Amino acid sequence: MDATWMAAGDLAAAVRARKVSSVELLEHFRRRVEQHNPKVNAVVVFDWERAGEQASAADAALAKGKATGPLHGVPMTVKECFDVEGLPTTAGAVVLKANAALRHADAVKKLVEAGAVIFGKTNTPLYAGDFQTYNEVYGTTNNPWDLTRGPGGSSGGSAAALATGMTPLELGSDIGGSIRNPAHFCGVYGHKPSFGVVSLRGHVPGPPNSRYLPDIAVAGPLARSAEDLDLALSVLAGAGEWDDVAWRIDLPAPRRQTIKDYRIALCPDDTFCPVDTEIADAISRAGDVLARAGATVRPSKPAVDFADSFRLFYRMLAATLAPGYDEGLLEQLALGAKAATDRQAMSTLFMQGSTMRHVDYIRAEAARQEERARWADFFTGYDVFLCPVVMTAAFAHDHSPDLQARHLTVNGVRRGYLEAIGWAGLIGNVRLPATVVPVGRTKAGLPIGMQVVGPYLEDRTCIDVARHLSILMGDFTPPPAFA
């Protein structure tokens with residue numbers, strides 16, 4: 001059998017049925033990586049020897065009638081930011097090249113306990129801080145649909161590895177779209193869980209081998225199907241090391257049993273962060289498809305000012321990142337915030353957020369809770385909210401050092417590069433789950449993804465709507481050069 005494009009769940013079933021061994025699967029993906037990775041540079045850390053031992057052990061256990069879990073014997077990769085015991089975790093930073101993980105990250109541990117065989121790690125931008133994926137340690141990752149473009153970031157290596165058939169499942173992370181925009185750029189599926197559902201301990205950033213748990217950030221799966229997202233979420237969801245003494249997570253089933261029962265709010269574009277017409281049109285078409293299938297689909301959005309909400313997110317994001325800065329930089333940021341003339345500029349918001357007083361952060365938290373309440377009220381009338389991921393499709397590599405000076409073009413209009421975080425931040429700061437599902441391609445042949453946003457902790461409702469869309473519109477399609 002050809003395992004290249006098979007779902008992780010199907011591979012696990014094939015291993016359990018003895019149709020293929022874990023060792024054979026690992027060798028298959030090794031050949032695939034050797035053939036295709038040089039073109040995209042997605043997998044950057046390899047652990048073939050230890051993975052071979054684990055695959056052999058998985059096969060031996062199965063011969064005795066013992067299956068470890070739902071991913072028994074399935075080879076896979078994880079984002080380089082996650083600790084895998086004994087392997088480097090650099091987050092693309094040269095100063096961390098010597099850093100070796102002392103133990104597995106919580107999310108990696110859950111995958112291993114479920115039977116997964118981790119054979120490598122995928123590329124990320126420096127400190128997971130860009131919409132592209134390149135760094136001085138591992139180099140540049142290319143988009144498999146067009147090698148002159150980036151695959152997104154910061155889980156860009158994850159999405160590129162999936163799209164090229166080099167891995168069946170991936171573990172990514174997301175604080176401002178880092179699962180979602182690579183899924184959109186590479187034409188795969190990604191799920192940003194509700195905040196707190198999957199432990200982020202063992203992720204860099206924060207500091208290496210620390211127990212730091214940042215605000216807003218989450219860990220979650222990327223895959224080539226909605227079903228694999230659901231399988232991975234079932235494995236990953238759970239309390240962290242301190243909470244699992246008593247806490248249990250029991251995510252509810254999807255709200256509706258059939259597509260005809262779903263109440264869907266559609267928001268293909270908004271003046272707060274305009275998107276390319278091709279993207280808005282693709283999202284509108286997805287809404288039309290759902291409506292023809294019997295769902296109730298209406299243009300609607302919550303009683304939240306999107307621009308104000310984004311400004312709140314950006315300040316809180318800056319505050320979340322600030323503990324990693326030295327005192328000299330913090331002093332410069334504080335001076336810059338005081339001297340800024342445009343109080344609404346993104347650079348000003350970042351300086352304000354990085355140096356805000358504790359009392360101001362508490363006030364910002366109160367404002368966030370008010371927004372969360374408005375979203376919760378919105379979801380009493382709707383089950384999901386469909387919206388863009390990013391304002392453009394995958395864009396050309398741009399490694400100019402000043403992110404503030406970069407730009408993107410949206411419908412012929414020059415926009416600031418950092419505005420690309422707009423739609424992702426709007427959803428992430430209020431801690432909602434969001435599933436990215438492919439819904440078409442641009443005239444240039446680049447993938448278009450869409451966010452399916454749901455109520456807090458109702459992650460499976462998002463994934464279920466993505467599953468229905470995959471049935472109605474077609475599932476993952478490989479990039480032509482790798483099919």
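Along the sequence shown, residues are numbered consecutively beginning with 1. Because the structure is a prediction, the values reported are computed rather than measured.
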Practice task
Using the test salt bridge (Lys or Arg N to Asp or Glu O under 4.0 Å), find all partners of Asp230 that sit at least two apart in sequence or belong to another chain.
Solution key: Arg460
Exercise for the section: Work out which heavy atom in Gln451 is nearest to a heavy atom in Ala434; give both atom names and the distance. Expected result: OE1-CB, 3.6 Å
Fill in the blank from the handout: Those residues at least two apart in sequence (or on a different chain) that pass side-chain contact (heavy atoms from CB on, under 4.5 Å) with Ala345 are Asp342, Ser347, Thr348
Handout entry: Carboxylate-amine/guanidinium proximity below 4.0 Å for Arg467 and Asp464
Key = yes
Practice task
Start with the C-alpha gap between Ser199 and Glu241, add the side-chain angles, then the distance that decides, and say whether side chain to side chain donor-acceptor pair (under 3.5 Å) holds.
Solution key: CA-CA 8 Å; Ser199 173; Glu241 60 175 339; over 6 Å; no
Handout entry: Electrostatic pair Glu278:Lys443 at N-O distance under 4.0 angstrom
Key = no
Practice task
Take Thr89 and Asn99, measure what side chain to side chain donor-acceptor pair (under 3.5 Å) needs, and give me the verdict at the end.
Solution key: CA-CA 6 Å; Thr89 305; Asn99 174 54; 4.6 Å; no
Exercise for the section: Take Arg441 and Thr477, measure what side-chain contact (heavy atoms from CB on, under 4.5 Å) needs, and give me the verdict at the end. Expected result: CA-CA 11 Å; Arg441 287 194 287 279; Thr477 302; 4.0 Å; yes
Practice task
Apply ring-ring contact (aromatic ring centres under 6.0 Å, His included) to His104 and list each qualifying residue two or more places apart in sequence or on a separate chain.
Solution key: none
Problem - Residues forming a salt bridge (Lys or Arg N to Asp or Glu O under 4.0 Å) with Asp459, sequence neighbours excluded - result: none
Handout entry: Electrostatic pair Lys192-Asp174, nearest N-O below 4.0 angstrom
Key = no
Problem - Residues that Arg374 engages under salt bridge (Lys or Arg N to Asp or Glu O under 4.0 Å), provided they are two or more places apart - result: Glu370
Practice task
Give, for atom CG of Leu236 and atom CG of Asp106, the distance between the pair rounded to the nearest 0.5 Å.
Solution key: 10.5 Å
Practice task
To the nearest 0.5 angstrom, please state how far the CD1 atom of Ile216 sits from the CZ atom of Phe195.
Solution key: 8.0 Å
Problem - Euclidean distance, Leu102 CG relative to Asp83 CG, rounded to 0.5 Å - result: 7.5 Å
Handout entry: Straight-line distance of Phe385 CZ to Cys462 SG, nearest 0.5 Å
Key = 12.0 Å
Fill in the blank from the handout: Contacts satisfying side-chain hydrogen bond (donor to acceptor under 3.5 Å, both in side chains) that involve residues 408-436 (not counting sequence neighbours) are Asp130-Tyr417, Gln132-Tyr417, His191-Thr435, Asp215-Arg431, Thr277-Asn411, Arg368-Asn429, Arg406-Tyr417, His407-Arg414, Arg415-Glu419
Problem - Test log, rule side-chain contact (heavy atoms from CB on, under 4.5 Å), inputs Phe119 and Thr77 - result: CA-CA 6 Å; Phe119 68 81; Thr77 51; 3.5 Å; yes
Practice task
Using distance alone, with no hydrogens and no angle criterion, decide if Lys39 and Thr164 have a side-chain donor and acceptor under 3.5 Å apart.
Solution key: no
Problem - Lys301: partners by salt bridge (Lys or Arg N to Asp or Glu O under 4.0 Å), with sequence neighbours left out - result: Asp270
Practice task
Please list, chain by chain and in numerical order, all residues satisfying side-chain contact (heavy atoms from CB on, under 4.5 Å) with Asp146, sequence neighbours excluded.
Solution key: Thr148, Arg149, Leu446
Handout entry: Exercise: do His397 and Asn142 side chains pair donor with acceptor under 3.5 Å
Key = yes
Handout entry: Lys79 and Ser155: side chain donor to acceptor below 3.5 Å
Key = yes
Practice task
Could you tell me whether a side-chain N or O of Ser354 sits under 3.5 Å from a main-chain N or O of Met351, the two making a donor and an acceptor?
Solution key: no
Problem - Arg298 atom CZ, over 12 foreign heavy atoms within 6.0 Å - result: no
Problem - Short side-chain to backbone donor-acceptor contact, Arg263 and Thr380, under 3.5 Å - result: yes
Exercise for the section: Take the angle between the ring planes of Phe310 and Phe313 and call it parallel below 30°, perpendicular above 60°, tilted in between. Expected result: tilted
Handout entry: Side-chain heavy atoms of Val45 within contact of Tyr138, under 4.5 Å
Key = yes
Practice task
Assess whether side chain to side chain donor-acceptor pair (under 3.5 Å) is satisfied between Ser173 and Ser178, documenting all intermediate values.
Solution key: CA-CA 6 Å; Ser173 56; Ser178 288; 5.8 Å; no
Problem - Contact list for residues 159-181, test ring-ring contact (aromatic ring centres under 6.0 Å, His included), sequence neighbours left out - result: none
For residues 314-325, which side-chain N or O atoms pair as donor and acceptor with protein atoms under 3.5 Å away, sequence neighbours left out?
from   : atom 1 : to     : atom 2 : distance (Å)
Thr320 : OG1    : Met316 : O      : 2.8

Exercise for the section: Would you please indicate if the ring centroids of His399 and Tyr134 are separated by under 6.0 Å? Expected result: yes
Handout entry: Over-ring placement of Arg372 relative to Tyr456, 6.0 Å and 45° cut-offs
Key = yes
Exercise for the section: Quick one: do Gln352 and Arg311 satisfy side-chain contact (heavy atoms from CB on, under 4.5 Å)? Show the steps, please. Expected result: CA-CA 11 Å; Gln352 290 172 342; Arg311 285 190 284 267; over 6 Å; no
Problem - Audit row: Asp288, Arg285, salt bridge (Lys or Arg N to Asp or Glu O under 4.0 Å) steps and yes/no - result: CA-CA 5 Å; Asp288 292 341; Arg285 286 194 297 271; over 6 Å; no
Exercise for the section: Kindly indicate, with the supporting measurements, whether the criterion side-chain contact (heavy atoms from CB on, under 4.5 Å) is fulfilled by Val390 and Phe131. Expected result: CA-CA 10 Å; Val390 188; Phe131 311 124; over 6 Å; no
Practice task
For the pair Ser225 (side chain) and Asp228 (backbone), establish whether a donor and an acceptor sit closer than 3.5 Å, ignoring hydrogens and angles.
Solution key: yes
Practice task
Only counting residues at least two apart or in another chain, list the ones meeting side-chain contact (heavy atoms from CB on, under 4.5 Å) with Asp305.
Solution key: Ala307, Asp308
Exercise for the section: Can you see which heavy atom on Ala226 is nearest to which on Ala466, and at what distance? Expected result: CB-C, 4.1 Å
Exercise for the section: With rounding to the nearest 0.5 Å, note down the distance linking CD1 in Ile421 to CG in Leu426. Expected result: 11.5 Å
Problem - Thr392: partners by side-chain contact (heavy atoms from CB on, under 4.5 Å), with sequence neighbours left out - result: Asp276, Phe395, Leu408, Val410
Handout entry: Any donor-acceptor N/O pair, Asp243 side chain to Ala239 backbone, under 3.5 Å
Key = no
Problem - Step-by-step side chain to side chain donor-acceptor pair (under 3.5 Å) determination, Asn123 to Thr141 - result: CA-CA 7 Å; Asn123 206 15; Thr141 300; 3.0 Å; yes
Problem - Glu80 versus Thr124, side-chain donor and acceptor atoms under 3.5 Å - result: no
Handout entry: Over 12 non-hydrogen atoms of neighbours within 6.0 angstrom of CD in Glu327
Key = no
Problem - Under 3.5 Å: donor-acceptor pair, side chain of Thr461, backbone of Arg255 - result: yes
Practice task
Could you grab the distance from atom CG of Leu229 to atom OG of Ser234, nearest 0.5 Å is fine?
Solution key: 10.5 Å
Practice task
Please examine the side chains of Ser300 and Phe378, heavy atoms only from C-beta on, and report whether any two atoms are closer than 4.5 Å.
Solution key: yes
